Amino acid sequence: MSARDDILGGIRRSLKRGALGGERAAQLEGRLANHPSGIIPRRSQGLDRKGQTALFEEQAVEIATTIERVASLRDVPKAVADYLQRFNLPAEFAATPDPLLDKVPWNERPLLKLKRGKPSPTDAVGLSVGFCGIAETGTLMMLSGPDNPSTMNFLPDDHIVVLPASRIVGPMEEAWQKLRQAKGGTAVAATMPRTVNFITGPSRTGDIEQKLEMGAHGPRRQHILIVEDDSIA
Amino acid sequence: MESTSHTFKDNAHDALGNAHLQSALDKMRAGFPQRRLDAIGKLPEFEDLREQGREIKNHVLENLDWYLERYERNVIAAGGHVHWARTPEEARQIILDLCRKLGAKTVTKGKTMIAEEIALNDFLEENGVIPIETDLGEYIIQLRHEPPSHIIAPAIHLTKGQVEETFREVHTNLPADRNLEEPRSLVAEARTMLREKFLKADVGVTGANFLIAETGSSVIVTNEGNGDLTQLLPRAHIVLASLEKIVPTLEDASALLRLLARSATGQDMSVYTTFSTGPRRAEDPDGPGEYHVVLLDNGRTGMLGSEFQEMLRCIRCGACMNHCPVYGAVGGHAYGWVYPGPMGAVLTPSLIGIENAKHLPNASTFCGKCESVCPMKIPLPKMMRHYREREWQKKLSPATQRFGLKLWAFLALRPPLYHFFYAIAAQVLGLLGRRTGGSFYNLPLAGAWTATRDLPAPQGRSFQEQWHQRQKQKKAA
Amino acid sequence: MTPKFESESSRLVTDSPVSKPRVGLFVTCLVDLFRPSVGFAAVKLLEEAGCEVEVPGLQTCCGQPAFNSGDRADAATIAQRTIVLFEGFDYVVVPSGSCGGMIREHYPELLAGDPAWAERARTLAGRTWELISFLYDVRGLRQVKARYDGTITYHDSCSGLRELGVKQQPRTLLASVQGTKLKELPGAETCCGFGGTFCVKYPEISDKMVEGKAEDILATGADTLLAGDLGCLMNMAGKLKRMHSERGTRATRVRHVAEVLADMTGEPPIGETGQ
């Protein structure tokens, strides 16, 4: 007997029943199809855009992310340049191919050099666009795909993320809802990106004497530029 | 790994005399519980979430075969492979075969307790594949050839001085004047060393905190980002997980994630929570070319339907050990196998047999703290008691203890005899006690107690004797 | 020989409100043998709270040592005995969270599979209370007439705290004792390391735990330690006494909380011969 059949058979023996079928299986199918949400913490419910953005910022700052709000994509080059200057970082940095970054007037800051694509191990700074922000915990949701190499979230020492305020949601469940919708409402199994990263602050470890140290393996710093222009989706 | 659970008492003795360990444990006792309290204090729904988490996992366990099959179907649909392993041997062989097929020389590893359970590192090494632990704690103990002492903080038994010593010994190119006194410089040193290894690795092995039936995804949770570099950079990603990690949907995983980090480290969320589904897609710029899942049973199907089924709800947060006064006194290594603390006291006998782990369910005061902090509401003391019952039935407990208990039970079921003995003992010990200042510095048969503490003496006459005398006097009056 | 199960009480409890409830005091083996004054303090508190107290003479132990050692059969027999002895009372009151928890939480579990006993176990469990919780939660007691001069600190015994929810009740009542100041014990909810047979099966670990507890107690600067469970009290008193004698410091007075609440502190503290 194959290990698979042995294990499945063992489960059924222990549970004193055969393979599930009929109504029971239909119930389970239904549960998957409906994927019900459970208890949602009140703190992330019923907030308007302003409230959600405020909660996102509050939570993100608590976990050592830095936040800057900018009015529109026009302000992004300056914000990036200021950040690089503040930490004495190189003006050349990696940026994902995300089309939203095409709309940024980079030429207004000719000193900034973007290398679009996936990062190389030597890139000190990486720039990405967030799929959405989760206000409940100040978490970024990043999807892998042609425009979004996942390695950008991990290899650079400094990770800058552009996040339109319109993409901030309340709890994690809303983020899943957004993903399910983005994929045209088809069964999520067929359309899950290879990698979905939820990122809640910069990399850290407490493995030596429980003392918190930043930048264990991923970015030492995480900086989010919230773009408040509602016309950007 | 070879179990030393059977020598728990000796292990504990050594642990209590180990000054480094005791200093590390002092820090642990002060740290984790307070951070958890702070985190749940900010989430009024926490208790309800525990109840909900319990229900989700119970639902999964009752329908485990159905969800496993659905999960498998979805992994395959996403281009991945599922390998079923009944035993640690099977799981190890599957992973080695995959490494050989891929021509892998080095394997990076995210922290996975299942790999410890199947002793993967030793096996790969014996067969010419070099495993490299990438979680900082795991990396440190791998260099020291030690097993982890905690399921989420594997090097919690070490002081920074010990880590410095290890790095100086192993990282031979370190200049002698390089300052490694503080955790910060130690972390930086490990980051530099491991970055190279990440980039060169052929295969990445991670565990899984959850497996999602709905999508065929595996989920890992880390703070360092090591798990992500482990699974993104090499040519293949192998997920090693036990059967009970399944949850139905993305929403169910979200519900459990609200419990996991708060219970573990006192964070609202760990820094990196990653859902991985299949290998990289044709148009993806990065990600592993192959995706394999090894599903391990190793005795878990046998726990289903038994009095230990509820243990399979465990999400490996470590809260039970963080709060356990026994773990806090002796640390994780004393438990002698992969899983320490209260969850280990139940899981270890389930996986390696009660004969080999008979101390563990006994080494608890049943103070109940573990159950009270368990996000999955697992009745850990009750299950330890069930193992004590098995030991009693199999006569594994020491003969003197059995004799003493039997004698006491004999008396307890014969009230006149019982009260007679109690009256005498109270009087004799009370009399002796008054001569020794109210307590005993040592007393025959009570040496285990009086070695380090006095035994308070009885007041003199048993309650029952006095009470019934008073009642008689009342009646007479 | 099969022990005879005989109820000492012939009266059955009715659903009608009882003006003066009949309380069966479950003394516990440790109080019976080591510290009868706790039993008398319990009787006084219960009588002052308007109860009629009886002490069934055929009671022995609740069976917890057998239960926690895996000897389910003996534990069940002892539990059945106790049920028979106490089921005629309106309430069963126990001056110990540990033994109270055994009857209230574990008897129903222990006898759940026995159709002849399951319901009786549940019924008795529903009427069983830890002493301080009974006074506060059932009898509505909020203050006592007592005087105790000293700074006390309080240890929450595990079973009372986690199985029966005894936490603020003793503190509220202690606040009404004259001359007393309560200094909270850091880590008051951490186990003292007694654990029944644990303390003799794993004496070194138990000692490590009680040592930490004793240090915490000393650090409060309190002159008196109170708790609601004699096992824990003897463990902590024994350790404190040993530490004091090694250090030549002044003894910490250790007592069951009932003694102070009942204003019955004439007897020397636990492990001492004088005040």
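These numbers come from a predicted model, not from an experiment. All chains are named by letter (A, B, ...) in the order of the sequence lines, taking the proteins before the strands, and each is independently numbered beginning at 1.
Using a cut-off of 4.0 Å between Lys/Arg side-chain N and Asp/Glu carboxylate O, A:Lys118 and B:Asp284 are scored as not salt-bridged. With respect to the salt-bridge test (charged N to carboxylate O, under 4.0 angstrom), the residues B:Glu62 and A:Lys16 do not qualify. A:Asp207 and B:Lys160 are not joined by a salt bridge, as no carboxylate oxygen comes within less than 4.0 angstrom of a charged side-chain nitrogen. At a threshold of 4.0 Å, the pair B:Glu69-A:Arg12 counts as salt-bridged, since one of the basic side-chain nitrogens sits closer than that to a carboxylate oxygen. Salt-bridge formation is detected for the pair A:Glu173/B:Arg258: a Lys NZ or Arg NE/NH1/NH2 atom is positioned less than 4.0 Å from an Asp or Glu carboxylate oxygen. We find that B:Asp286 and A:Arg194 are not joined by a salt bridge, their nearest charged nitrogen and carboxylate oxygen being 4.0 Å or further apart.
Formation of a donor-acceptor pair under 3.5 Å by the A:Glu209 side chain with backbone atoms of B:Lys27 is not found in this model.
One distance of note links CG of A:Leu20 with OH of B:Tyr67; it measures 10.0 Å at 0.5 Å rounding.
In this structure, no portion of A:Arg13 lies under 4.5 Å from any heavy atom of chain B. Heavy atoms of B:Glu72 lying under 4.5 Å from chain A belong exclusively to its side chain. Only the side chain of A:Glu62 comes within contact range of chain B, with heavy atoms under 4.5 Å apart. Using a 4.5 Å cut-off between heavy atoms, A:Thr139 touches chain B through its side chain atoms alone. Of the atoms belonging to B:Leu304, heavy atoms from both backbone and side chain fall under 4.5 Å from chain A. For chain A, no part of B:Ile212 is nearby; none of its heavy atoms comes within less than 4.5 Å. For A:Thr137, the part lying near chain B is the side chain, with the backbone staying farther off; criterion is any non-hydrogen pair under 4.5 Å. Looking at A:Leu155, both its backbone and its side chain come within 4.5 Å of chain B, counting heavy atoms on both sides. Neither the backbone nor the side chain of B:Pro44 comes within less than 4.5 Å of any heavy atom in chain A. Contact annotation for B:Leu43: only side-chain heavy atoms (C-beta onward) come within less than 4.5 Å of a heavy atom of chain A. With a 4.5 angstrom heavy-atom cutoff, A:Leu28 touches chain B via backbone and side-chain atoms both. Neither the backbone nor the side chain of A:Gln27 comes within contact range of chain B; no heavy atom of the residue lies under 4.5 Å from a heavy atom of that chain. The contact between B:Asp48 and chain A is made by backbone and side chain atoms together, counting heavy-atom distances below 4.5 Å. Of the two parts of A:Asp157, the backbone and the side chain both hold a non-hydrogen atom closer than 4.5 Å to a non-hydrogen atom of chain B. Contact of B:Glu45 with chain A is made through the side chain alone, with heavy-atom distances under 4.5 Å. Heavy-atom distances place no part of A:Ala33 under 4.5 Å from chain B, backbone and side chain included. Residue A:Asp6 touches chain B through its side chain alone, counting heavy-atom pairs closer than 4.5 Å.
Between B:Tyr272 and A:Phe154, the ring planes are tilted. Angles from 30° to 60° get that label.
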